[in-house]
Amino acid sequence: MSSPLCASIWHIGVFTSPLRFDNTRYGSWRRTILVALFLRNKLDFINGSSIKPPDNSPLARQWQRYNDLVVSWLINSLSENIVRKLAKDIWSELEERYGQADAARVFELKKELARISQGSLDIASYFNKIKQLWDEIDALSISRVRSYSNCGFKSDYQKDDDVQKVYQFFMGLNDTYVQTRSNIFMIKPFPSVSSVHSVLLSDEKQRQVSTSPRFLPTFASFNVGVSKQGFPSRVNFDAHKSPV
């Protein structure tokens, strides 16, 4: 039985988004297709695991219907139609033609990732900047195969990748967060990068509140009032003495 998450996503249209492959950004397009097919349990039709039953098999008609459905999804997401009978053939041709990762570009992105630092950015801006690099590297590194067994499953590869991203996130942080970083390292099991991001956002907010001069105006006006009022002058008692 599929999980509630799978069930809730099952009826979402696969290629209703404006993302269409136009011979550029193959990595991003490929990742979107794989996720969409995985959610519908149709990956076997493009990786060759699902073999067409014999024509006299009672499953042959159902298999052909599913294959034709995947073929239509692929063709409708392409700006250039590649006509093939089997979904596997379409996918194999796309992989052969466009599936080589741009190693030079990945190298440049990782160099940029190594140099990035928070500087004057707030936590949210710094995280968004570094996440853009992560996403582009993931999109280009299309030769890495991530296996899934069911909805909600996270492979060991994904866990290791998430830990590496936490380390990269920490390396560019300002020294202000040294103590917070040390506290996070003590957490067991090691938190995900999204959890770390949330912790640092909370820490940043607390720092902003603690240094806020919200009591300064009241205190200053109190001082002004006292200075204006001043102290009473010394009373001259001699002036009230009766003449002898």
Side-chain angles (χ1 to χ4, degrees), residues 5 9 17-19 21 24-39 43 47 94-95 98-211:
L5 174 62
I9 303 177
S17 68
L19 178 63
F21 179 55
T24 62
R25 300 181 62 82
Y26 178 70
S28 299
W29 176 86
R30 180 183 188 272
R31 183 171 54 180
T32 302
I33 298 300
L34 289 177
V35 170
L37 292 177
F38 164 71
L39 291 174
L43 280 177
N47 62 22
L94 289 168
E95 288 284 83
Y98 304 103
Q100 298 302 318
D102 188 346
R105 177 58 178 159
V106 171
F107 176 72
E108 291 299 324
L109 288 170
K110 289 192 174 183
K111 281 179 58 179
E112 185 177 351
L113 191 60
R115 293 193 300 261
I116 197 171
S117 60
Q118 181 185 354
S120 60
L121 299 174
D122 57 25
I123 291 295
S125 300
Y126 168 60
F127 181 78
N128 290 337
K129 186 176 181 181
I130 199 172
K131 188 176 185 302
Q132 288 176 358
L133 295 175
W134 288 337
D135 291 345
E136 191 168 354
I137 290 172
D138 287 343
L140 288 170
S141 302
I142 57 178
S143 59
R144 298 179 300 177
V145 178
R146 302 183 180 187
S147 59
Y148 303 88
S149 62
N150 49 52
C151 281
F153 174 76
K154 195 173 187 180
S155 66
D156 291 337
Y157 173 82
Q158 287 177 296
K159 292 178 183 177
D160 292 341
D161 190 49
D162 209 41
V163 170
Q164 292 302 316
K165 287 179 177 178
V166 172
Y167 291 157
Q168 290 171 349
F169 186 36
F170 280 162
M171 285 190 294
L173 275 177
N174 291 340
D175 292 340
T176 310
Y177 300 97
V178 169
Q179 186 58 52
T180 306
R181 183 178 60 197
S182 300
N183 294 339
I184 292 174
F185 278 134
M186 301 295 292
I187 299 176
K188 302 296 182 182
F190 198 70
S192 65
V193 67
S194 59
S195 298
V196 170
H197 178 222
S198 298
V199 170
L200 287 167
L201 281 176
S202 298
D203 185 23
E204 180 184 55
K205 186 64 176 177
Q206 290 176 5
R207 292 173 187 273
Q208 291 172 349
V209 171
S210 63
T211 58

Inset, instruction - Using a strict cut-off of less than 4.0 Å between a Lys/Arg side-chain nitrogen and an Asp/Glu carboxylate oxygen, indicate whether D138 and K165 qualify as a salt bridge. - result: yes

Distance check, rounded to the nearest 0.5 Å: [X] atom [atom1] versus [Y] atom [atom2]?
X	Y	atom1	atom2	result
H197	I130	NE2	CD1	11.0 Å
R207	I123	CZ	CD1	9.0 Å
S117	L173	OG	CG	10.0 Å
I137	Q132	CD1	CD	12.0 Å
E204	Q208	CD	CD	5.0 Å
K129	E112	NZ	CD	7.5 Å

Inset, instruction - Indicate yes or no: at least one non-hydrogen side-chain atom of W134 is less than 4.5 angstrom from one of L109. - result: no

Legend entry - Heavy-atom check, side chain of F190 versus side chain of V196, under 4.5 Å: no

Inset, instruction - Spell out, as yes or no, whether a donor-acceptor pair under 3.5 Å connects the side chain of Q118 to the backbone of G172. - result: no

Do you know which two heavy atoms are closest between [X] and [Y], and how far apart they sit?
X	Y	result
L113	I116	O-CG2, 3.1 Å
F169	Y126	O-OH, 2.8 Å
P191	V166	O-CG2, 4.0 Å

Inset, instruction - Using the side chain to side chain donor-acceptor pair (under 3.5 Å) rule, take N128 and S125 through it: C-alpha gap first, then chi angles, then the decisive distance, then the call. - result: CA-CA 5 Å; N128 290 337; S125 300; 5.7 Å; no

List the atom pairs, with distances to 0.1 Å, where a side-chain N or O of residues 175-182 and a protein N or O form a donor-acceptor pair under 3.5 Å, not counting sequence neighbours.
{"unit_1": "Q179", "atom_1": "NE2", "unit_2": "N183", "atom_2": "OD1", "d": "3.1"}
{"unit_1": "T180", "atom_1": "OG1", "unit_2": "D203", "atom_2": "OD2", "d": "2.5"}
{"unit_1": "S182", "atom_1": "OG", "unit_2": "V178", "atom_2": "O", "d": "3.1"}

Inset, instruction - Only one of V193, L201, L121 passes side chain to side chain contact (heavy atoms under 4.5 Å, CB included) with F127; say which it is. - result: V193

Legend entry - Flag for S195-S192: side-chain donor and acceptor within less than 3.5 Å: yes

Inset, instruction - Please lay out, stage by stage, how F38 and I33 fare under the test side-chain contact (heavy atoms from CB on, under 4.5 Å). - result: CA-CA 8 Å; F38 164 71; I33 298 300; over 6 Å; no

